[in-house]
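Heads up: the structure comes next, in structure tokens.
Only heavy atoms go into these numbers, but all of them, side chains included; no hydrogens, no water, no symmetry mates.
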Amino acid sequence: MGRFQVVGATVVDGSGRDPFPAVAVTVEDGRITELGASGANGERLDADGLTMTPGLIDAHVHLGLSSLVQPQFSFQISAAEIAADIFATAGAALDAGFTTVRDTGGIDGGVVTAIAKGKVRGPRVLSCGPVQCQTGGHGYYGAEWEPTELWSSHHVPGLCALSMMAGNADELRRNVREAFRRGASFLKLCVTGGVVGGADRLTDTQFTVEEIAVAVQEAAARGTYVTVHAHNNEGIRNAVEAGARCVEHGTDLDDPTAALMASHGVALVPTFAVVERLLHDPAAAGLDESARDRVAGVRERMARALAVAKEAGVRVGLGSDLIGPAQDRRGVELGLRAQLETPMEVLVAATKTNAEILGLPEAGVIAPGMQADLVLWNGNPLEDPNIFTDPVNAVLVVQSGRVVKDLR
């Protein structure tokens, strides 16, 4: 990988500290080795007038849902086109400044491997493999007439692993072991209904405490964790009681439940970008108008939940949850969050905090010894967070010490 220096940029290190003006950052063999000294041996990358941040992290993505959703589920799109859409989305994530993503359901381990080998441009991917769902619960998108056991035929080996159904604790244990066999690095369970669903509602709870605990036990046996899709408080409390470590969405989070999460060290990952997308144009994701109806009011409730979580001391990350085509503006999530928090708080959520939630101790902060994931932005996103929303503003992207995009 060699050695190089990025010189002249204002450095925002991801820790929440004030920016460092015009600090030289030295990178060698994929690591940051030094901040502050200039003139070292190796290539010099001039970055005058640019702002450096750590590589962004999206803690809630669906690479495997990069095609129009309902046509994909109903076999109207070929495997070749699904693959093309997945690979385009992966490359677009890098170009938008995201060097790491956590896929919370949709891709098969084959995609993770292809990206890791460098055969496809894309971010570092942590994947749960197929989502774990209650029989007929959120995550099942087959037709009403289709027997549940045929749902697995919608998977495309090597590309898509959508979800697995379990009717009891024993079936769930078998399914999560299968997910780990297929390369999952953590588990995701749907414990409430959802917005993009079949017959389920956001007020529904799914899986019992005892069933969720089975997944937690299996994850703990492998040194990893369970995150849960959850919109209502009963589902969140069930998951916390069972030992889950993270909650996705958390739309209706209230004060007592937030306090419970904080006391158990459970993190929250709100997801505003997908809500905004479905409010304005559900057809762009390949969904019908019912998705717009189901998402009505969610943005405002999720904003309240974010405030409640922060007040309670819950660790809050950041995720976009974008589905369907046109996932190239992943940074919109940061712009939306900046309407509710300071730009610095948003950046920390998308870097340091997300790295902590994902269990990546060497990512998320610009400091000696850390992984060299860096983005140089055209302008100062702390002054104008909308800079994050346009990939063109990510002028240079470095992933593990390799320059993967350079528009200077």
Does the side chain of [X] come under 3.5 Å of the side chain of [Y] through a donor N or O and an acceptor N or O?
X    : Y    : answer
N386 : T389 : no
T26  : Q5   : yes
D58  : S320 : yes
R301 : T251 : no
D85  : S66  : no
R124 : S400 : yes
D373 : Q371 : yes

With a 4.0 Å cut-off on N to O distance, would you call R174 and D170 a salt bridge?
no

task = Inspect the contact between E345 and K310 and indicate whether a charged nitrogen and a carboxylate oxygen are less than 4.0 angstrom apart.
result = yes

| said: Holding to side-chain hydrogen bond (donor to acceptor under 3.5 Å, both in side chains), I want the full list of residues that pass it with R173, two or more places apart in sequence or in another chain. | reply: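 Q217, E218.
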
Backbone of G97 reached by a side-chain donor or acceptor of W377 within 3.5 Å: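 Answer holds: no.
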
Q. Does the K405 side chain pair with the main chain of L396, one donor and one acceptor, at a distance under 3.5 Å?
A. no

- Who pairs with E248 by salt bridge (charged side-chain N to carboxylate O under 4.0 Å, His left out), at least two apart in sequence or on another chain?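 So E248 forms a salt bridge (charged side-chain N to carboxylate O under 4.0 Å, His left out) with R102.
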
#### Entry: Ring centroid separation H154 to F75 under 6.0 Å
yes

So the ring pair (Phe, Tyr, Trp, His ring centres under 6.0 Å) pairs with at least one residue in residues 238-263 (sequence neighbours excluded) are H60-H249, H229-H249, H231-H249

